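These notes are about the structure you will find just below.
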Amino acid sequence: MYLHKDERAFHSLTQTLFLEEMYANTLDLHYTLADPAAFGITDYEPTLPCYDASAREASGRRLTEVLDELHRIRKEKLDPQDARLYTLLTNSLELSQEINAYEYQNEPFSPTSGIHAELPILLAEYAFRGVRDVEDYLALLSQVPDYYASLLLYEQEKNAAGNPMPYSRLEEAAKQCDTIVTLQSVKMGRHFLQTTFHEKLEVLISEGLLSEESAEGYLRENDRLLLDKILPAYASLKEGLLALEDKSILPRGLAALPGGQEYYSLLLQSSTGSSRPVSEIRALLEKQYEQEYFFLQNTLREHPEAAKLFTSGAYTSFQNRSPEDMLADLQSCMAADFPPLPVAGTNTLAVKEVNASLCDYCAPAFYLTAPIDDCRNSVIYINPSKTSDGVDTYTTLAHEGYPGHLYQDLFRKSGQALFPVLPGETLLHYGGFQEGWAIYTEFYAYDYASAYAAKQGSKQEKICIQLEKHNRSLLLCLYSLLDIAIHYDNASPSQIAETLCPLGITDPESVESIYSYIAGEPCNYPKYYLGYLEILTLRELAAKKWGDDYTALRFHTFLLNYGPADFASLREWIEEDSFTTPSLPAYSLCIPGPRAGSSAFLPLLPQAG
């Protein structure tokens, strides 16, 4: 097949970038590809990419070189799939170049989302598809001390540059180092990095890929590395963090830092995928907040009995419904408005509880995306310590499973999408689209749940579930507005308290918790909620543009085919009006294995009532 020189240049560049990333970070490689050899990657060395200032500078120079190469390629000479990737890659790298000018704004050891808590989860879920994976895993364990030491160096440089971690969050992160790995749990063989390692070796033995004798050797080496490498790594990290303690450093927003307001604007764009100016985003949020507030106010006034039930939370419609039943119901409900996946049997889904020793550090629920070359097995993790059963479980499974993250991921990677996933796409991340989609589908699930309650003859519970939906929307909207207030307007804790007081949130500890969390996790709530609002505006645009040809199925099929992407590009592609709904096969169900527990995707902060 003849390729234009611009197409050859683009394929060569994206392939080079993909290989550079895969060789530089074995965790990325392992979670991206089930079979690296099929992509020509056979001679890699297991690597955790350590930080140093010279590498950061080299990365900046490389980014400039890549953009120069991209700008020499003529997009109009590329086929539609390559042109889509060219647009996304160029936009993403140009934004990264702007963000990279702010060297010390990241926080690697956030108590909520820090690498010290995230890395053990990634290691625990590191799939063993063969003996090479076991050896790579052990090699990565041995590199953890150097990896953490390099990030601690960054934390020290950041501190010296005038952006220290607030004392309270630094102290919390240091305390976590004492509990994530303990000498007692390792010596007793009960640490989750021992139990999960053993379980994965047992599978290899059962498949005939590993002998009992070899497995015993690997088990001994895993225990040794936990004692000799991981425990000292966390002890050193704790000591290094505590050495930076300064009780005068209080939580604060990015706007309090030099250049912080400008950085926040770029981070907001990068995190959410929205290119709107902050003033427009604020107006969009305020309008939505007003709508949600008056819906709640009017509904509570019109249905006082439902209001009492809503306050108590004593719903019965979803009692004793298993996750398997809920997932099957969600797939049945979504069939009319969402495109199908390939035939049944191509994917198995397990719903598991987060290991008890990690519950304090994990999100309430999460889905680990499948490798681009193997999406046969999927897992949803639920943190039972942070959620309740019933409707909460149902909407969580929608967010993480169907029609949320898992469904979106499988649609792209199972060959169903209009554009197959290219390796170069793994270089891109669109948290706003992905989390916005998950919130959008979660709210669909509230409507499914309302309909189910009505079928059970409970009009009051139907109303209550709608109150739950709009109350959740209101809170996410509120926290997104507070994110802007704290990080763009430099709002103080007392100003945030004044904002929360009319809503009944007056407890000082609750106010402090809200302020501290949002100050430490800039753009987290907007990533979810602004992403959701952007999808709503795309839906309005599509309905206007497509007229009588608009259907929910067509709109969702468009999003699944052209996303993940930034929202400006998605608006442009709707305006071009070149998308047509492909012919669709019959819908297939994916029923998970057994599990117990429930959760919600994102922790909501203290609230009134």
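Position 1 is the first residue of the sequence, and the numbers go up from there. Quick caveat: nothing in here was measured; it's all calculated off a predicted structure.
Here CZ of F109 is found 6.0 Å from CG of L241. Values are rounded to the nearest 0.5 Å. Rounding to the nearest 0.5 angstrom, the gap separating the CG atom in L533 from the OG atom in S473 is 7.0 Å. Within the model, atoms CG of D228 and CG of L226 stand 9.5 Å from one another, a figure rounded to the nearest 0.5 Å. For the atom pair F192 CZ and I180 CD1, the distance stands at 7.5 Å (nearest 0.5 Å). Between L119 atom CG and L27 atom CG the span is 6.5 Å, to the nearest 0.5 Å. In this structure, OH on Y148 lies 8.0 Å from SG on C177, to the nearest 0.5 angstrom.
For Y444 and F338, the ring centers are positioned less than 6.0 Å apart. Between H556 and F411, the ring centre distance reaches or exceeds 6.0 Å.
Within the 4.5 Å cutoff, no side-chain heavy atoms of F567 are placed close to those of T272. A heavy-atom distance below 4.5 Å is found between the side chains of L138 and N222. A heavy-atom distance below 4.5 Å is found between the side chains of K469 and D447. At a threshold of 4.5 Å between non-hydrogen side-chain atoms, the residues H399 and I439 count as touching. Side chains of L327 and V351 form a contact here, defined as non-hydrogen atoms less than 4.5 Å apart. No side-chain heavy atom of Y218 sits less than 4.5 Å from a side-chain heavy atom of Y137. When side chains are defined from C-beta on, H429 counts as touching Q434, because their heavy atoms get closer than 4.5 Å. Under the 4.5 Å side-chain criterion, counting only non-hydrogen atoms from C-beta, H30 is in contact with D133.
Within a 6.0 Å radius of CD in E239, other residues, nucleotides and ligands contribute 12 heavy atoms or fewer. The number of heavy-atom neighbours closer than 6.0 Å to CZ of F366, taken from other residues, nucleotides and ligands shown, is above 12. The environment of Q460 atom CD is dense: over 12 non-hydrogen atoms of other residues, nucleotides or ligands sit within 6.0 angstrom.
Judged by distance alone, the side chain of S270 and the main-chain N or O of L267 form no donor-acceptor pair under 3.5 Å. Within the 3.5 Å criterion, the main-chain N or O of L29 finds no donor-acceptor partner in the side chain of T32. Remark: the backbone N or O of E509 is not paired with any side-chain donor or acceptor of S513 at under 3.5 angstrom. Between the side chain of H191 and the backbone N or O of S185 there is no donor-acceptor pair closer than 3.5 Å. Panel note: side chain H116, backbone A174; no donor-acceptor pair is recorded below 3.5 Å. Between the K200 side chain and the Y126 main chain, a donor and an acceptor come within less than 3.5 Å of each other. Using modelled atom types, one side-chain atom of T26 and one backbone atom of T47 make a donor-acceptor pair closer than 3.5 Å. Judged purely by atom type and a 3.5 angstrom limit, D483 has no side-chain atom pairing as donor or acceptor with the backbone of P522. Checking side-chain atoms of E245 against main-chain N and O of L170 turns up no donor-acceptor pair under 3.5 Å. Remark: side-chain polar atoms of S150 are paired, donor with acceptor, to backbone N or O of Y51 under 3.5 angstrom.
Smallest separation of non-hydrogen atoms from A565 and Y430: C-CD2, 3.5 Å. Contact detail for I535 and G436: the closest heavy-atom pair is CD1-C, 3.5 Å. What you find for A34 and D374 is that their closest heavy atoms are CB-CB, 3.6 Å. Taking each heavy atom of S274 and E534 in turn, the nearest pair found is OG-OE2, 2.5 Å. Contact detail for K527 and S271: the closest heavy-atom pair is CG-O, 3.5 Å. Heavy atoms only, all atoms of each residue included: T369 and D409 are closest at CA-OD2, 3.5 Å.
A salt bridge links R169 with E521; the closest basic N to acidic carboxylate O contact falls under 4.0 Å. Under a 4.0 Å N-O distance rule, the pair R224/E221 qualifies as a salt bridge. The pair E442-R472 counts as a salt bridge, with a side-chain nitrogen and a carboxylate oxygen less than 4.0 angstrom apart. The pair K158-E155 counts as a salt bridge, with a side-chain nitrogen and a carboxylate oxygen less than 4.0 angstrom apart.
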Worked verdict on Q194 versus D223 for side chain to side chain contact (heavy atoms under 4.5 Å, CB included): CA-CA 7 Å; Q194 291 170 299; D223 290 345; 2.9 Å; yes
Audit row: K352, V379, side chain to side chain contact (heavy atoms under 4.5 Å, CB included) steps and yes/no: CA-CA 7 Å; K352 300 180 181 179; V379 181; 3.9 Å; yes
Verdict with supporting geometry, N524 and Y479, side chain to side chain donor-acceptor pair (under 3.5 Å): CA-CA 9 Å; N524 192 35; Y479 295 146; over 6 Å; no
Pair Q184-T182, side chain to side chain donor-acceptor pair (under 3.5 Å): steps then yes or no: CA-CA 5 Å; Q184 181 182 16; T182 66; 5.5 Å; no
From CA spacing to verdict: side chain to side chain contact (heavy atoms under 4.5 Å, CB included), F433, Q408: CA-CA 11 Å; F433 180 92; Q408 178 195 46; 2.9 Å; yes
Trace of the side chain to side chain contact (heavy atoms under 4.5 Å, CB included) decision for F310 with I463: CA-CA 9 Å; F310 172 64; I463 296 169; over 6 Å; no
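For S450, the side-chain contact (heavy atoms from CB on, under 4.5 Å) partners two or more places apart in sequence, or in a different chain, are K462, I465, Q466. Judged as a ring pair (Phe, Tyr, Trp, His ring centres under 6.0 Å), and not counting sequence neighbours, Y31 has no contacts. Applying the side-chain contact (heavy atoms from CB on, under 4.5 Å) rule to P251 yields the partners P166, S168, Y515, S516, A519; only residues at least two apart in sequence or on another chain are considered.
Side-chain contact, E324 with S322: a donor N or O sits under 3.5 Å from an acceptor N or O.
The residue from Y528, Y448, Y529, Y532 that alone fulfils the ring pair (Phe, Tyr, Trp, His ring centres under 6.0 Å) condition with F443 is Y532.
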